[in-house]
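Because only heavy atoms are used, hydrogens play no part in the values below, and waters and symmetry mates are left out as well, while side chains stay in.
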Amino acid sequence: MAENLTMITEFLLLGFSSLGEVQLVLFVVFFLLYLVILSGNVTIISIIRLDRSLHTPMYFFLGILSTSETFYTFVILPKMLINLFSVARTISFTCCAIQMFFFLGFAITNCLLLGVMGYDRYAAICHPLHYPILMSWQMCGKLASICGIGGFLASLMVVNLVFSLPFCNANKVNHYFCDISPVIRLACTNTDINEFIIFICGVLVLVVPFFFICISYVCILRTILKIPSAEGRKKAFSTCSSHLTVVIVHYGCASFIYLRPTASYVSNKDRLVTVIYTVVTPLLNPMVYSLRNKDVQIAIKKVLGKKGSLKLYK
């Protein structure tokens with residue numbers, strides 16, 4: 001039997017090929033959304049760098065999150081847009097592994113960053129007097145480094161578990177990028193052990209940070225309710241609402257996809273949910289933080305005002 005098996009060297013990404021002419025409409029929609037994602041995240045990063053009033057731990061982590069999400073979408077969306085126009089939707093074995101590595105690396109980094117941002121809000125609201133010590137710039141640098149290194153180490157382990165399996169005859173990936181479930185299902189051997197380890201990794205990456213975020217917000221809620229003035233309670237909660245919105249969407253969609261056995265993979269429904277956390281969530285982050293955050297709005301107006309005055313001066 002070993003002689004009859006042909007080891008594959010490339011995969012075929014089926015993506016949205018079953019939708020026929022609708023793919024042209026999807027190309028326009030996803031292309032416009034990609035431009036909005038890039039411009040939104042670049043704006044957030046630029047404003048945080050240019051405005052000194054935003055040089056705080058909260059916006060430091062927001063800037064890193066926006067940077068991570070910019071690369072995160074760059075790993076997936078350009079290839080998906082090309083495939084919507086292309087007849088040959090192939091991707092080499094090595095490129096598939098590289099795409100999965102960077103996608104998971106940035107995705108896990110984002111999960112960990114959202115957890116750290118939850119802790120930052122907890123420290124700011126529940127322990128305001130100790131906040132400068134708890135979230136010093138040295139501590140912020142260490143936490144950001146841990147998120148990045150931890151994210152890519154976890155990604156490396158998962159990718160190794162997937163691509164150490166033999167892939168023989170089947171090479172049609174029923175997805176628009178190399179995600180874990182649709183790829184591992186093509187392996188021509190028993191994958192139960194690999195899937196179980198990947199599931200445990202998913203629990204550690206998603207459930208543990210989300211659990212700490214929930215604990216942080218329980219403590220934050222208790223502290224906010226003790227604030228005597230309604231205006232004070234509103235101001236304290238407004239600093240958390242943007243983060244909480246992004247957390248719910250990001251963790252909700254990621255949990256639906258990764259916290260279950262690969263055997264329960266349902267392509268059409270999963271593709272829709274995957275679109276939400278690969279396209280909508282990176283779009284949601286800059287929109288939520290720019291539209292609902294007064295500090296960012298003021299900073300944008302200030303930066304635009306400076307540019308306008310410089311043009312008039314010239």
Side-chain angles (χ1 to χ4, degrees), residues 41 44-45 47-69 106-151 154 204-252 254-255 281 284-286 288-299:
N41 281 303
I44 290 287
I45 295 163
I47 292 298
I48 290 170
R49 285 195 63 187
L50 293 171
D51 195 284
R52 288 185 175 275
S53 66
L54 300 182
H55 291 182
T56 62
M58 175 182 172
Y59 294 107
F60 168 74
F61 289 116
L62 176 58
I64 294 175
L65 181 66
S66 294
T67 304
S68 178
E69 289 198 332
F106 288 117
I108 296 169
T109 298
N110 291 347
C111 286
L112 298 177
L113 280 170
L114 288 170
V116 170
M117 290 171 76
Y119 172 73
D120 172 71
R121 292 299 81 211
Y122 161 77
I125 294 171
C126 300
H127 302 284
L129 297 177
H130 296 95
Y131 182 71
I133 300 169
L134 292 172
M135 296 302 292
S136 64
W137 286 115
Q138 187 178 7
M139 178 58 71
C140 289
K142 287 180 180 178
L143 289 172
S145 299
I146 289 168
C147 290
I149 294 168
L204 292 173
V205 166
L206 291 170
V207 177
V208 174
F210 186 70
F211 178 71
F212 280 109
I213 290 171
C214 290
I215 292 174
S216 297
Y217 273 101
V218 168
C219 297
I220 288 169
L221 186 61
R222 287 173 61 185
T223 303
I224 289 174
L225 292 174
K226 290 177 183 177
I227 298 173
S229 66
E231 186 63 30
R233 288 195 296 270
K234 185 180 178 181
K235 187 177 179 181
F237 187 74
S238 67
T239 62
C240 303
S241 59
S242 301
H243 173 254
L244 198 56
T245 304
V246 176
V247 164
I248 291 168
V249 176
H250 187 90
Y251 279 94
S255 299
T281 304
L284 183 72
N285 181 42
V288 166
Y289 275 101
S290 60
L291 295 176
R292 298 188 62 179
N293 194 297
K294 289 183 179 179
D295 293 336
V296 175
Q297 289 175 8
I298 293 167

In Å, rounded to the nearest 0.5 Å, how long is the span from [atom1] of [X] to [atom2] of [Y]?
X: K226; Y: R222; atom1: NZ; atom2: CZ; value: 5.5 Å
X: E69; Y: I45; atom1: CD; atom2: CD1; value: 10.0 Å
X: L113; Y: I146; atom1: CG; atom2: CD1; value: 11.5 Å
X: I213; Y: R121; atom1: CD1; atom2: CZ; value: 13.0 Å
X: T109; Y: L114; atom1: OG1; atom2: CG; value: 11.0 Å

Checklist entry - Y131: what forms a ring pair (Phe, Tyr, Trp, His ring centres under 6.0 Å) with it, not counting sequence neighbours? => result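 Result, ring pair (Phe, Tyr, Trp, His ring centres under 6.0 Å) vs Y131: none returned.
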
Item to check | For F210, ring pair (Phe, Tyr, Trp, His ring centres under 6.0 Å) partners two or more places apart | outcome: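 For F210 the ring pair (Phe, Tyr, Trp, His ring centres under 6.0 Å) partners, ignoring immediate neighbours, are Y251.
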
Considering all heavy atoms of both residues, which atom of [X] and which atom of [Y] are nearest to each other, and what is their separation?
X: I44; Y: S66; result: CG2-OG, 3.4 Å
X: C126; Y: P128; result: C-CD, 3.4 Å
X: A144; Y: F60; result: CB-CE2, 4.1 Å

How about [X] and [Y]: do any of their side-chain heavy atoms sit closer than 4.5 Å?
X: F61; Y: M135; result: yes
X: L65; Y: N110; result: yes
X: Y217; Y: V247; result: no

Taking only residues two or more places apart in sequence or in another chain, which ones pass side chain to side chain contact (heavy atoms under 4.5 Å, CB included) with [X]?
X: L204; result: I200, V208
X: T56; result: M58, Y59
X: V207; result: V203, L259
X: L112; result: I108, C147, P209

Next on the checklist: Below 30° counts as parallel, above 60° as perpendicular, anything between as tilted: where do the rings of Y122 and Y119 land?
Outcome noted: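 Geometry flag for Y119 against Y122: tilted rings.
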
Checklist entry - Are the side chain of S68 and the backbone N or O of I64 linked by a donor-acceptor pair below 3.5 Å? => result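 No, the answer is negative, given that no donor and acceptor are paired below the 3.5 Å cut-off.
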
